[in-house]
Amino acid sequence: MAVFTVSRWDWPWARGPCLSCRERREVARPRDWYLGLAEPCGSEGDWNVTWHTSNPDFPKCFQNTVLLWLPCFYLWASFPVYALYLSRHDRGYIQMTHLNKAKTALGFLLWTVCWADLFYSFWERSQGVFVAPVLLVSPTLLGVTMLLATFLIQLERRKGVQSSGILLVFWLMALLCALTIFRSKIMAALKEDAQVDRFRDTTFYVYLVLVLAQLVLSCVLDRAPLFSETINDPNPCPESSASFLSRITFWWITGLMIRGYRQPLEAGDLWSLNKEDTSAQVVPVLVKNWRKEFAKSRRQPVKVAYSSTQDPAKAQGGSKVDVNEEAEALIVKSPQKERAPSLFKVLYKTFGPYFLMSFLFKAIHDLMMFAGPEILKLLINFVNDTKAPDWQGYWYTVLLLVSACLQTLVLHQYFHVCFVSGMRIKTAVIGAVYRKVGPSRTPGIWSGPALCCWLSPGLSLSPQNLGPSVLAGVAVMILMVPFNAVMAMKTKTYQVAHMKSKDNRIKLMNEILNGIKVLKLYAWELAFKDKVMAIRQEELKVLKKSAYLAAVGTFTWVCTPFLVALSTFAVYVTVDKNNVLDAQKAFVSLALFNILRFPLNILPMVISSIVQASVSLKRLRIFLSHEELEPGSIERRPLKDGGGTNSITVENATFTWARGEPATLNRTLLAGAGPALSCPSPPSLSRPSLATQGSVAYVPQQAWIQNNSLRENILFGRPLRERYYNAVVEACALLPDLEILPSGDRTEIGEKGVNLSGGQKQRVSLARAVYGDSDVYLFDDPLSAVDAHVGKHIFDNVVGPKGMLRSKVLLQGGPRLPDLPGGTGHLWSPGRSRQWSLSFAVPFPALGVPAVPVSCLLPGPTGSSGPEKEPKPVENGTLVPAAAGKQVQRQLSSSSSYSGDGGRPQASAADPQKAGAKEEAWKLVEADKVQTGQVKLSVYWDYMKAIGLCLSFVSIFLFLCNHVSALASNYWLSLWTDDPVVNGTQEHTDFWLGVYGGLGIVQGIAVLGYSMTVSIGGIFASRRLHLDLLHQVLRSPMSFFERTPSGNLVNRFSKELDTVDSMIPQVIKMFMGSLFNVLGACVIILLATPIAAVIIPPLGLLYFLVQRFYVASSRQLKRLESVSRSPVYSHFNETLLGVSVIRAFEEQERFIRQSDLKVDENQKAYYPSIVANSRWLAVRLECVGNFIVFFASLFAVISRHSLRAGLVGLSVSYSLQITAYLNWLVRMSSEMETNIVAVERLQEYSETEKEAPWQVPETAPPSNWPQVGRVEFRDYGLRYREDLDLVLKHINVTIEGGEKVGIVGRTGAGKSSLTLGLFRINESAEGEIIIDGVNIAKIGLHNLRFKITIIPQDPVLFSGSLRMNLDPFSQYSDEEVWTALELAHLKSFVSGLPDKLDHECSEGGENLSVGQRQLVCLARALLRKTKILVLDEATAAVDLETDDLIQSTIRTQFDNCTVLTIAHRLNTIMDYTRVIVLDRGEVRECGTPSDLLQQRGLFYSMARDAGLV
């Protein structure tokens, strides 16, 4: 080092008065310079000048090397990594701006100034003046570094960097170092014998000003790059264009916070997502990596070696190979076992770099955390050393502040990276699951903090204070490891059980919401409520076990730091009497132990999150590993590239319902290019083939309708061709419906088409297919729900010889086949259920056999076939001529389905504003409501009441006891450390230690108590709130379910309830703990330094104001995020219901894009929520909290002569904690308010309209009512909403007991409305209905609905046993159930099932055919056997033979009952007692069928359309 030092005379910018060159030569002799080296380079004397002085300064050598080189080394070290980063993150090109020009010019000026010093030094040497090497090295290094900085300025401009963090830090470091030198120069200049080097001083001042200017300019944001994506975004996220300072302080979100404070935020206020956070960027990467991992995990082929030298390929293919030679092939490597693919590995590969970056931030932060205790040690030493200069205390105080602020900035960059990565993982997993399209839930995946970074340094620094005694604390920590491991395993077990119960409950709730109308018609709400509560009870049992476990865990985790401290102090003072526990040892150790306290406090949340993540990863892995459809199983060739004349080719193909089941269809089939099906050729190919030529359209038997406008349902993502669209609407007989819909084809259709009738839904489904203008059409009995005249219209205009599909290939399947033209072949299934074969009927007009349609009952090529169809009567493989010639057509009304009703649109038929109404779409479905403003105190009070007021106050008291005892134990420790030392030891050590341990025991008991009470109280609250929510939803009228998307309700029963179950109790514990910790810290600081009373109240007020300012936006963002989550659920549910249609139309990509868009909309609210919640608030609060540390230590320094060292240690150690606890308090109070929103949303439906009471004891009819079955309508009227017209008007009809009455009418006549009124699904607007002398409006709904039975058109079954679906209340014996099944013609089918009556029905009864489900509904009616039976096309989905049997059963078994039949096929009611003909909501005709036919009125015209007259 000697050669790089110079004498005092030769230091730059620190010379004496300006000397001539000759004088310098005389003064600066080489020997003198050498002898003066030791002094400026850090000799003891100079160190005394630097530290042990009241006016410190750095040595000149230090200034001219370290202070000048440090910024240079930083920039050169950062350059390679930064250049690599810029090369991979090109954001565009920024045009040269005045700002950029100024920064570049300043860079060149700095280079010029630095090298001016260099050339000046060379000039001095040329004059014979000796110049130290450092005067050449430093300017050279600085000049080259300035050129590098200038190069980076231009490189960043070309890469689109608007604000540089690297350069900002460089200029800041350079300025701080220059300011230190500047201070030294000022101090030197003020001395009496000061000597000045004018040239170097001048260049230094210029350098200082230029560096300051560069720093200021670096804080200014440059313009956006050219071609930036944010230019076209109407509301881009400001983060991408924020400056470096704005990013590290999260200032860029302040604008949104101000807007949210002034007025409640709305969805339009939210920014677009950053491109790198969108689904389009994130999901494909995860899917690609998953597919790679999944492919790797599959079983590897067996490795085979052949003993001969012959090529194995030739050996296998040649014909002259010796058999023995082939037999010598040896398996040289056993096949690898198929391993499960690792989703964790895929996530790590996809998102690993982000987490690695967060780990680096966390490591830096955790290393900096231990600066606090070390500075505290120095501060206590300073207080004890009365001779230490005052500036040292102020220096420690400033160090504490700077260290804390740096920790804050680094920590929240770590958190930000973690949260954004978590958001991306959530987006990616949801996208991957949606692309898989299955019933799996998508649980949240959390990432826990790196606890090892917290724990390890704390234990490593403790021995410096207490020596080997800290091993006692280490032993306590080690003993806790197996205990924590056992708890983690048990927690995982409970978590798995909880998730399973939660899945079952949500699945059942989804079924209930999908089939709510059937539940209300059958009055089964209570039975299914009990089923839900039974599952919920199991879920609560697991939650209770988890709560006990969590309470024990909290007890151990809170007590562990105290036990570590107690054991360490106890061992330290007992092993040697000369060991004195002074303030420095005690409170520095306590500060280190307190660092452990915080991570241990949140360890329960971390373990819970890790367990949830592991369980979720396993469930997701299993789901994503499910077998997929093979993309190549169906070859879809374009029409022009078909390579043949057949539009559909099925060659040597075998179809099964599931892998491993016996084949259900095995045949070869060729379908021609025209509307004909050719006879099959014999199987001739060894490789099975399934191919279609041209595009395919599919119309399912049960229409699938989206929650969208009617027009969008028909367009189905295709562009609008106005003329063709109008032709399709007219051909599918939708024009009359458009006339009566509120906004025509812009009317919004509810989920599953709730505001359309069965016929309307089928026609919309048909119109969707026709509008697609496909080449091949697959019809699964689509005309089963249309009136005869409508069917004739569709026949003529769509499928007939002159219809729109006349040149298309049409395959139609169904239990009954109407007369359709042009078919030359026919396939059907004469076998029993699922045992299918192929038969072919070739029509021969000469034989008088009419043409049969081209029809096929093949399962859908996508693997999602329509339901199985019932067998048809055949003889010798051909259709029975009688059946073929039988003219049986359906007359289906458009208002017959119990999924909705068609009468509703009538209310708007007379609307005079019809033309104007079409301009604005009519909205049926209500969006999820967003509450605004502060959460009402009544919500908190309701939650406390749900817990139990007594339990709530006990919890608060135990919290108080815990923290008072903790405060007392630490204060006791400060008294102990101030105990005077006598003869090298402290007296009464056992007494001090005993009281300290006793206070710890009290603290532990209180912790266990409050943990238990809060956890159990949370379970009580969640049980009460769920029960209330379930009851309120089931008591809601049908209009509520029609208006409310199922996703909103599923959201309440899943996410919101999960928040109440799991999140709120933990948040309460955190909030209460933080509150008492903050109060305790304030008490200690005020006790030690009463002058702090001047500072703490203003800082407390500032905290409160920041929290109030923040929570206004935070609360609203949470609400917006909750509301935007519902459409994600609804869209997913809708996709599952229509997956076969989506696949048939090859619209998967469009629906994936829609799902991604909805997820992105949800994340648009979530992203600012996590930034505002965790980052914006925390940075500001921690910075304010850091000033509490600053003032606590400052006042301790000021008052050091009057304070005990123990009290100073206690005060500062508490102040070191108060930043974290104050920050945590405000965050937890905000979390409390944002999470209590879940309670608010659960209670939301308690205020909605409810239907009439289920039971009214005062007016309950006799148990044997009705005895006769007489139904009387007296001037009855009905409307669907208060603002709509009557759909039924002045109905005056009396139906005597035992009568069989058919109710008929054209589209929108009000047939179903009459039935809905009878069941009081909709209450009467006027008049009344009397059954056996009882006004049904006066009795309870269940009293009424239990006494009337309906067989709806749409058969709805629930997951569970077949017996439960027939008798959910278990009222009937097995014999009665078997009798009902026999009468419903299901006994042979059920007897053949392995589990008989316990046969498990899948969700929606999907493992039964539609016809079998309809027969189950008939069996329900036979089991109840009430005096009044309502039939709504009860045989819509069964074949003719079964239909005849059912009609016979109804006539015999319900012979003495009143039967009301909504007739769609008039032939089924021609033998009824009477027929009521409705038109426009009024009774137009009423009488016997024969009388009405003679009148030649409406009934006659309908019979004529049906071919009956």
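Because the structure is a prediction, the values reported are computed rather than measured.
Judged by distance alone, the side chain of R158 and the main-chain N or O of Y93 form no donor-acceptor pair under 3.5 Å. Between the side chain of T254 and the backbone N or O of W251 there is at least one donor-acceptor pair closer than 3.5 Å. Between the T202 side chain and the R198 main chain, a donor and an acceptor come within less than 3.5 Å of each other. Checked by atom type and distance alone, the side chain of S1193 pairs as donor or acceptor with a backbone atom of F1190 at under 3.5 Å.
Using cut-offs of 30° and 60° on the angle between ring planes, the pair Y396 and F382 is perpendicular. Using cut-offs of 30° and 60° on the angle between ring planes, the pair F119 and W115 is perpendicular. Between Y85 and Y82, the ring planes are parallel. Angles under 30° get that label, and only those over 60° would be called perpendicular.
For the pair W69/V137, a side-chain contact is recorded, criterion being any heavy-atom separation below 4.5 Å from C-beta on. Between Q127 and W123, the closest side-chain pair of non-hydrogen atoms falls below 4.5 Å. Considering only heavy atoms from C-beta on, Y205 stays 4.5 Å or farther from Y207 through its side chain. Residues F79 and L75 form no side-chain contact, since every pair of their non-hydrogen atoms from C-beta on lies 4.5 Å or further apart. Counting only heavy atoms from C-beta outward, the side chains of Y120 and L135 never approach each other to under 4.5 Å. Using a 4.5 Å heavy-atom threshold, the side chains of H412 and W1176 count as separate. Between L208 and L179, some side-chain heavy-atom pair lies under the 4.5 Å cut-off. Using a 4.5 Å heavy-atom cutoff, the side chains of M257 and I253 are in contact.
Checking Q63 against S184 by side-chain atom types alone, a donor-acceptor pair falls below 3.5 Å. One side chain, D117 or T203, offers a donor N or O that lies under 3.5 Å from an acceptor on the other.
The 12-atom threshold is not exceeded at CZ of F1187, counting heavy atoms of other residues, nucleotides or ligands nearer than 6.0 Å. Heavy-atom neighbours of R183 CZ from other residues, nucleotides or ligands within 6.0 Å: above the threshold of 12.
Between the CG atom in N1186 and the CD atom in Q407 there is a gap of 8.0 Å [rounded to 0.5 Å]. Here I364 contributes atom CD1 and L409 contributes atom CG; the two are 12.0 Å apart, rounded to the nearest 0.5 Å. K101 contributes atom NZ, which lies 11.5 Å from atom CG of L99 (distance to the nearest 0.5 angstrom). Atoms CG and CE, from L67 and M173 in turn, are 10.0 Å apart once rounded to the nearest 0.5 Å.
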Test log, rule side chain to side chain contact (heavy atoms under 4.5 Å, CB included), inputs F361 and F359: CA-CA 5 Å; F361 280 125; F359 175 79; over 6 Å; no

Before giving the answer on side-chain hydrogen bond (donor to acceptor under 3.5 Å, both in side chains), spell out for H365 and Q413 the whole-Å C-alpha distance, their side-chain angles and the decisive distance to 0.1 Å. CA-CA 10 Å; H365 167 262; Q413 289 304 312; over 6 Å; no

Determine, step by step, whether L142 and C72 satisfy the side chain to side chain contact (heavy atoms under 4.5 Å, CB included) criterion, reporting the C-alpha distance in whole Å, the side-chain angles of both residues, the deciding distance to 0.1 Å, and the verdict. CA-CA 7 Å; L142 267 179; C72 302; 3.6 Å; yes

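The minimum heavy-atom distance linking V410 with M368 is given by the pair CG2-SD, 4.5 Å. Listed here is the closest heavy atom pair of G143 and W111: O-CD1, 3.2 Å. In plain terms, the two heavy atoms of A178 and F204 that are nearest each other are O-CZ, 3.3 Å. Residue E1182 comes nearest to T408 through the heavy atom pair OE1-OG1, 2.9 Å, listed as atom of the first residue, atom of the second, then distance. Of all non-hydrogen atoms in Y414 and S358, the two that sit nearest each other are CD1-O, 3.0 Å. In terms of heavy-atom proximity, L86 sits nearest to V161 at CD2-CG2, 3.5 Å.
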Which side-chain N or O atoms in residues 144-151 pair as donor and acceptor under 3.5 Å with protein atoms at least two apart or in another chain?
{"residue": "T145", "atom": "OG1", "partner": "W76", "partner atom": "NE1", "Å": "3.1"}
{"residue": "T145", "atom": "OG1", "partner": "L141", "partner atom": "O", "Å": "2.7"}
{"residue": "T150", "atom": "OG1", "partner": "M146", "partner atom": "O", "Å": "2.8"}

Donor-acceptor list for residues 163-170 side chains, cut-off 3.5 Å, not counting sequence neighbours:
{"residue": "S163", "atom": "OG", "partner": "F244", "partner atom": "N", "Å": "2.8"}
{"residue": "S164", "atom": "OG", "partner": "E156", "partner atom": "OE1", "Å": "3.4"}
{"residue": "S164", "atom": "OG", "partner": "E156", "partner atom": "OE2", "Å": "2.5"}
{"residue": "S164", "atom": "OG", "partner": "L167", "partner atom": "N", "Å": "3.1"}

Taking only distance into account, with no hydrogens and no angle test, what donor-acceptor pairs under 3.5 Å do side-chain atoms of residues 210-226 form with protein atoms, sequence neighbours excluded?
{"residue": "Q214", "atom": "NE2", "partner": "K103", "partner atom": "O", "Å": "3.1"}
{"residue": "S218", "atom": "OG", "partner": "Q214", "partner atom": "O", "Å": "2.8"}
{"residue": "D222", "atom": "OD1", "partner": "T97", "partner atom": "OG1", "Å": "3.1"}
{"residue": "R223", "atom": "NH1", "partner": "Q95", "partner atom": "OE1", "Å": "3.1"}

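Among R247, R1175, E239, the one residue that satisfies the side chain to side chain donor-acceptor pair (under 3.5 Å) test with H416 is E239.
Not less than 6.0 angstrom separates the ring centroid of Y394 from the ring centroid of W391.
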